[in-house]
Amino acid sequence: MKTAVVSDSTAYLPKELVEELNIHIIPLNIIFGDESYQEELELSAEQFYDEVKSRELPKTSMPAIGKFVELFESLSKEYDAVISVHLSSGISGTYQGSITAGEMVEGIDVYSFDSEIACMPQGFYAIEAAKMAAEGISPQIIMTRLDEMKKTMDAYFMVDDLSHLQRGGRLSSAQALIGGLLQVKPLLHFENKVIVPFEKIRTRKKAIKRIVELLQEDVSNGEAYQAAVIHGNCEEEALAWKAELEEQFPNVEFQLSYFGAVIGTHLGEGALGLGWVKK
């Protein structure tokens, strides 16, 4: 049985990896006024952070169902099944879109997977699925493995300014107000598929320290983990942090990733995060 793997643009997977593992990417959209751009295809992260400095904050939207149908139909010519890995259903309708489209397409079995997270941690699922699919492993077994990964998947991130999350409807006004008044750097994470504050921390330095403590708790068993340092247009800071982490945690394989346009719209420039999962 030949299985294809699809993910969406919010996994921010490196292009070379997408090509090497033959992962098919469906883009979400960024809307500045009347202009709509397909994330990563028509608007890179660099262009987005540049653009947003002089324009109003854009809106974001999930891929049109028709785009999913088109993709699944083209895959049905070559594949028997597709595993479609998407950002958390609690913050986007993308996962539901893949389910709806899967029911509309004949000749291919679509297995949609709600990562319940976003960015590179979502990408870890797609990478694992693609590696297993390349070995000819059945989609059912791949889905079981992805569910198993969920047990050790974790991610924490902080934002410089809560107003983006609040304006985008991804965080309540009350929580944003409290953050603004106290000038705190709240640590955020995904819980029950949505973004919620984990702890309120006063400074960026302390927030980073706290994320490291949370990583330490999880990886202290010495087992092999993979992790991603994720940044919102603050690459130098992220690279320096990654170097420190590599020295501190030899059992963890770290990589650098970023918050692209869609997620960057909600988190804002200067956001920094760390996601990890047991290998």
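Computed from a prediction, not measured in an experiment: that's the story for all the values here.
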> Which is it for T94 and D8 under the side-chain hydrogen bond (donor to acceptor under 3.5 Å, both in side chains) test, yes or no, and what are the steps along the way?
Replying inline: CA-CA 8 Å; T94 307; D8 59 67; 5.1 Å; no
> side-chain hydrogen bond (donor to acceptor under 3.5 Å, both in side chains) between S9 and E39: does it pass, once the steps are laid out?
Replying inline: CA-CA 6 Å; S9 56; E39 181 184 43; 2.5 Å; yes
> Please walk me through it: do N22 and V5 pass side chain to side chain contact (heavy atoms under 4.5 Å, CB included)?
Replying inline: CA-CA 8 Å; N22 199 21; V5 173; over 6 Å; no
>> Under the criterion side chain to side chain contact (heavy atoms under 4.5 Å, CB included), I'd like the reasoning laid out for I30 against V262: C-alpha separation, chi angles, the key distance, then a yes or no.
In response: CA-CA 6 Å; I30 291 283; V262 166; 3.7 Å; yes
> Could you walk me through whether V277 and D154 pass the side chain to side chain contact (heavy atoms under 4.5 Å, CB included) check?
Replying inline: CA-CA 6 Å; V277 66; D154 224 336; over 6 Å; no
>> Please determine whether side chain to side chain contact (heavy atoms under 4.5 Å, CB included) holds for the pair H86 and F113, giving the CA-CA distance in whole Å, both sets of side-chain angles, and the decisive distance to 0.1 Å.
In response: CA-CA 6 Å; H86 299 292; F113 182 78; over 6 Å; no
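Looking at E246 and K242, a side-chain N of the basic residue comes within less than 4.0 Å of a carboxylate O on the acidic one, giving a salt bridge. Using a cutoff of 4.0 Å between basic side-chain nitrogens and carboxylate oxygens, E223 and K279 are not scored as salt-bridged. Between R145 and E148, at least one side-chain nitrogen of the basic residue sits less than 4.0 Å from a carboxylate oxygen of the acidic one, meeting the salt-bridge criterion. Taking 4.0 Å as the cut-off between side-chain N and carboxylate O, E135 and K131 do not count as a salt-bridged pair.
With contacts defined as side-chain heavy-atom distances shorter than 4.5 Å, the pair L214/W276 qualifies. Using a 4.5 Å heavy-atom cutoff, the side chains of I230 and L272 are not in contact. Residues I141 and M132 are in side-chain contact: their nearest non-hydrogen atoms beyond the backbone lie under 4.5 Å apart. Considering only heavy atoms from C-beta on, W241 comes within 4.5 Å of E244 through its side chain. At least one side-chain heavy atom of I263 sits less than 4.5 Å from a side-chain heavy atom of L87. Using a 4.5 Å cut-off on side-chain heavy atoms (C-beta onward), Q47 and V52 make no contact. Contact annotation: the side chain of F190 approaches that of F157 to within less than 4.5 Å [non-hydrogen atoms, C-beta and beyond]. The shortest distance between side-chain heavy atoms of E51 and F32 falls below 4.5 Å.
Atom CD of E236 sits in a sparse spot, with 12 or fewer heavy atoms from other residues, nucleotides or ligands closer than 6.0 Å. Other residues, nucleotides and ligands contribute only 12 or fewer heavy atoms inside 6.0 Å of the NZ atom of K206. Annotation: N221, atom CG; neighbour count of heavy atoms from other residues, nucleotides and ligands within 6.0 Å is above 12. Residue-environment remark: NZ (K205) stays at or below the threshold of 12 foreign heavy atoms within 6.0 Å. Around atom CD of E247, no more than 12 heavy atoms belonging to other residues, nucleotides or ligands sit under 6.0 Å away.
Here the shortest heavy-atom pairing between S61 and I31 reads OG-CD1, 3.7 Å. Contact between I117 and A155 at its shortest, heavy atoms only, is CD1-CB, 3.8 Å. Between G232 and Y49, the shortest heavy-atom distance links the atoms CA-OH, 3.4 Å. Nearest approach of M1 to P139, heavy atoms of both residues: SD-CD, 3.9 Å. Heavy atoms only, all atoms of each residue included: D114 and S88 are closest at OD1-CA, 3.4 Å. Closest approach of M143 to S112, counting heavy atoms only: CE-O, 3.4 Å.
Residues L17 and I23 fall within the same hydrophobic cluster, defined by Ile, Leu, Val, Met, Phe, Trp and Tyr side chains chained together at heavy-atom separations under 4.5 Å. Note on M158 and L256: same hydrophobic cluster, where clusters join Ile, Leu, Val, Met, Phe, Trp and Tyr whose side-chain heavy atoms are under 4.5 Å apart, directly or indirectly. In the hydrophobic clustering of this structure, L28 does not group with L41; members are Ile, Leu, Val, Met, Phe, Trp, Tyr whose side-chain heavy atoms approach within less than 4.5 Å, directly or through other members. Placement of Y95 and V85 in two distinct hydrophobic clusters is found when ILVMFWY residues are connected by side-chain heavy-atom separations under 4.5 Å, directly or transitively. With hydrophobic clusters built from ILVMFWY side chains whose heavy atoms lie under 4.5 angstrom apart, Y111 does not share a cluster with I99.
Note that OG of S98 and CD of E103 are 9.5 Å apart. Values are rounded to the nearest 0.5 Å. Taking CD from E40 and CG from L13, the interatomic distance works out to 9.0 Å, rounded to the nearest 0.5 Å. In this structure, the separation between CZ on R210 and CZ on F198 is 5.0 Å, given to the nearest 0.5 Å. Distance OH/Y125 to CG/D147: 8.0 Å, rounded to 0.5 Å. Between atom CD of residue E116 and atom CD1 of residue I91 there is a gap of 11.5 Å, rounded to the nearest 0.5 Å. Within the model, atoms NE2 of H266 and CG of L188 stand 13.5 Å from one another, a figure rounded to the nearest 0.5 Å.
E128 places no side-chain N or O within donor-acceptor distance of the main-chain N or O of F124, the cut-off being under 3.5 Å. One N or O on the side chain of T152 and one on the backbone of K278 form a donor-acceptor pair closer than 3.5 Å.
Residue I26 is found in a hydrophobic cluster whose other members, listed by chain and number, are V6, M62, I65, F68, V69, L71, F72, L75, Y79, V82, M104, V105, I108, V110; membership requires side-chain heavy atoms under 4.5 Å apart, directly or through intermediates.
Taking the six-membered ring where tryptophan is involved, the planes of Y12 and Y258 are tilted, since the angle between them lies from 30° to 60°.
A donor-acceptor pair shorter than 3.5 Å can be found between the side chains of Q122 and T10.
Here salt bridge (Lys or Arg N to Asp or Glu O under 4.0 Å) pairs that include residues 60-86, with residues two or more places apart or in two chains, are K2-E78.
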